[in-house]
Amino acid sequence: MKNIVLVTGATSGFGKAVAEKYAKNGYPVIITGRRTERLMELKSSLEADYNAKIYPLTFDVRDKDAVFIAINSLPEEWKNIEILINNAGLALGTAGIENGDISDWEIMIDTNVKGMLYVTKAVLPIMIANKSGHIVNMGSTASKETYPGGNVYCASKHAVQAISDGARQDLVKYGIKVSQICPGMAETEFSLVRYKGDAEKADNVYKGVTPLVAHDIAEIVFFVTSLPKHVCVRDLVVSCQQQANAFVVNRIV
Ligand code: NDP
Ligand code: 8X3
C-alpha cells in the first residue's frame, strides 16, 4: 500500500487539489477541514473517479483538543501517516496596522501558526516512531516579503517559515523531511475569504494576470514529496509569470 497522506484545508483551493492529486496516484488520503459537507462530497467524487481510499476528518485547526481527538481517533489502518500537508490557512482583511481588526489578527495567528503547530504535534509521534515522514508546510511569498496591509498575515507566514526551518533541524535525526512551499497570488477562495465575501474586490486581485491555480500547487507538492528519500526540498518559491514580487506585477488590461 502507498503512504498515507493527511491534508489540512482539503475543502477548497490548494488542499482540495492536493488531495485529488494524491488520490489519483493511488495514495490513501485523510482529508480535513471544518466543512463536513464539502469533505463528504470530495470523498464521494474521489472514490468514484479514482477508486481512491479517502478518510474525512472534520476539525477546526484552532481547536487544540479537537485536533488531538480527531487525529487520535483515526482507525488503526489510517494511523500510519507518512506525509502531512499543513495547508489550512487564511488571510483576513488588508487594513493598515493602525486600522486592523484584532479579531482578524487572532484568527490568522490561531489558524496559520498555532493550528499548524497543533496538527504537527499530533502527527509527529507517528513519524518519529517510524523514523520517517515528510511535513510540507504551506507558506507564501508572504513568508519572504511584507507589503502594505499585509502586516499580520505576512507575520503569520514568516512564522511558518521559521517553524519549518526550526522543525527541519529538530527532526533531521529522525529521518523526517520538512519542506515549505511559498506560492504567490493564486486564484482559489483565498481572496473571497480575505475580502469577507466581496466578490468584486476578490476578482480585482487577479485582474490582468493569469494567476497560479490550485492544480499548479498540487503538482508541486506532489513532486516535492515524490523525490528520492535522500532528497529534501527545503523551501520553494513559486509565482505566476506576471508576478515578479509583491510589488511588481505586469497586469495586461
Ligand atoms: P482557500 O480559501 O481556497 O482554502 C483554505 C482552506 O483552509 C479551506 O479548505 C479551509 O477549510 C481551510 N481552513 C481555513 N481555516 C481553517 C480552520 N480554522 N480549520 C481548518 N481548516 C481551515 O485558500 P487557498 O487554497 O488559497 O489557501 C490554502 C493555503 O495556501 C493557506 O495557508 C494560504 O495562506 C496559502 N496561500 C494561498 C495563496 C493564494 O494566493 N491563494 C498564496 C500563498 C499561500 P474550511 O473552511 O472548510 O475549514
Ligand atoms: C497569499 C499571497 O500575495 O496575498 O499568500 O500574500 S499574497
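Order of listing sets the numbers, starting from 1, for every ligand and every atom in it.
Interatomic distance, CD1 of Ile31 versus CD of Glu20, reported as 11.0 Å (0.5 Å rounding). Once rounded to the nearest 0.5 Å, the distance linking NZ of Lys2 with CD1 of Ile83 reads 10.0 Å. Note that the CG atom of Leu57 and the OG1 atom of Thr32 stand 7.0 Å from one another [nearest 0.5 Å]. Separating the OG1 atom in Thr11 from the CG atom in Leu39 is a distance of 6.0 Å, to the nearest 0.5 Å. Atom OG of Ser239 sits about 6.5 Å away from atom CG of Leu212, to the nearest 0.5 Å. The OH atom of Tyr195 sits 8.5 Å away from the CG atom of Asn204 when rounded to the nearest 0.5 Å.
At least one heavy atom of Arg194 sits less than 4.0 Å from an atom of ligand 2. Distances shorter than 4.0 angstrom do not occur between any heavy atom of Thr8 and any atom of ligand 1. For the pair Ser191 and ligand 1, no heavy-atom separation below 4.0 Å is found. The closest approach between a heavy atom of Gly115 and any atom of ligand 1 is not below 4.0 Å. At least one heavy atom of Lys157 sits less than 4.0 Å from an atom of ligand 1. Residue contacts with ligand 1: Gly139 is included, with a non-hydrogen atom under 4.0 Å away.
Residue Thr11 has at least one heavy-atom neighbour below 4.0 Å for each of these atoms of ligand 1: 8 (C), 9 (O), 10 (C), 11 (O), 45 (P), 47 (O). Proximity to Tyr153 (heavy-atom distance under 4.0 Å) selects the following atoms of ligand 1: 33 (C), 34 (O), 36 (N), 44 (C). Close contacts between ligand 1 and Ser140 involve ligand atoms 43 (C), 44 (C) [criterion: under 4.0 Å to a heavy atom]. Interface atoms of ligand 1 facing Met185, defined by a heavy-atom separation under 4.0 Å, are 40 (O). Taking every heavy atom of Gly184 and a limit of under 4.0 angstrom, the matching atoms of ligand 1 come to 40 (O), 42 (C). Counting atoms of ligand 1 from 1 in the listed order, those under 4.0 Å from a heavy atom of Arg62 are 18 (N). Numbered from 1 in the order shown, with element, the atoms of ligand 1 that lie under 4.0 Å from a heavy atom of Ala10 read 9 (O). Near Ala142, meaning under 4.0 Å from any of its heavy atoms, are these atoms of ligand 2: 6 (O). Interface atoms of ligand 1 facing Met138, defined by a heavy-atom separation under 4.0 Å, are 29 (C), 30 (O), 35 (C).
Protein heavy atom closest to atom 3 (O) of ligand 1, with residue, atom name and distance, is Ser12 OG, 2.5 Å. Considering only non-hydrogen protein atoms, atom 37 (C) of ligand 1 sits nearest to Phe14 CE1, 3.5 Å. For atom 19 (N) of ligand 1, the closest non-hydrogen atom of the protein is Val61 N, 3.0 Å. Protein heavy atom in closest approach to atom 41 (N) of ligand 1: Ala186 O, 3.0 Å. Summary of contacts: the protein heavy atom closest to atom 23 (O) of ligand 1 is Thr188 OG1, 3.5 Å. At the shortest separation from atom 12 (C) of ligand 1 among protein heavy atoms lies Gly9 CA, 3.6 Å. Protein heavy atom in closest approach to atom 29 (C) of ligand 1: Asn87 O, 3.1 Å. Looking only at protein heavy atoms, the nearest one to atom 2 (C) of ligand 2 is Ser140 OG, 3.6 Å.
Residue-level proximity to ligand 1 for Arg34 is carried by backbone and side chain together, each with a heavy atom below 4.0 angstrom. In Thr111, the part holding a heavy atom less than 4.0 Å from any atom of ligand 1 is the side chain.
In summary, the aromatic rings of Tyr153 and Phe190 are positioned with their centroids under 6.0 Å apart.
Taking the six-membered ring for Trp and thresholds of 30 and 60 degrees, Tyr55 and Trp78 have ring planes inclined between 30 and 60 degrees apart.
Contact check for Lys157 versus Cys182: no side-chain heavy atoms found under the 4.5 Å cut-off. Using a 4.5 Å heavy-atom cutoff, the side chains of Gln243 and Val209 are not in contact. Residues Tyr118 and Arg62 have side chains not in contact (no heavy-atom distance under 4.5 Å, counting atoms from C-beta outward). Two residues are said to be in side-chain contact when any heavy atoms from C-beta on lie closer than 4.5 Å; Asn245 and Thr141 fail this criterion. Gln161 has its side chain within reach of Asp235: a pair of non-hydrogen atoms, C-beta onward, lies under 4.5 Å apart. Side-chain contact between Ile107 and Leu90: present, with at least one pair of heavy atoms (C-beta onward) separated by less than 4.5 Å.
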**Message:** Go through it in stages, so that I can follow the logic: the residues are Phe68 and Phe59, the test is ring pair (Phe, Tyr, Trp, His ring centres under 6.0 Å), and I'd like the CA-CA distance, side-chain angles, deciding distance and then a yes or no.
**Reply:** CA-CA 10 Å; Phe68 282 87; Phe59 59 85; 9.9 Å; no
**Request:** Check step by step if salt bridge (Lys or Arg N to Asp or Glu O under 4.0 Å) holds for Asp104 and Lys196.
**Result:** CA-CA 11 Å; Asp104 286 350; Lys196 303 178 180 177; 2.6 Å; yes
**Request:** Please assess Leu46 against Val29 for the test side chain to side chain contact (heavy atoms under 4.5 Å, CB included), listing each intermediate value before the final yes or no.
**Result:** CA-CA 10 Å; Leu46 295 179; Val29 188; 6.0 Å; no
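At least one N or O atom of Asp60, backbone or side chain, sits closer than 3.5 Å to an N or O atom of ligand 1. Considering both main-chain and side-chain atoms, Gly15 never comes within under 3.5 Å of ligand 1 through any nitrogen or oxygen pair. Annotation: Tyr206 places no N or O atom under 3.5 Å from an N or O atom of ligand 1; distance criterion only. Ligand 1 has no N or O atom lying under 3.5 Å from any N or O atom of Val193, backbone or side chain.
For atom 5 (C) of ligand 1, the nearest non-hydrogen atom from the set Gly89, Ser143, Ala19 comes from Gly89. When the heavy atoms of Phe190, Tyr153, Tyr147 are ranked by distance to atom 5 (O) of ligand 2, first place goes to Tyr153. For the residues Ala142, Pro183, Ala88, Gly13, the heavy atom positioned nearest atom 21 (N) of ligand 1 is part of Ala88.
Between the side chains of Ser164 and Asn137, a donor-acceptor pair is found at a separation under 3.5 Å.
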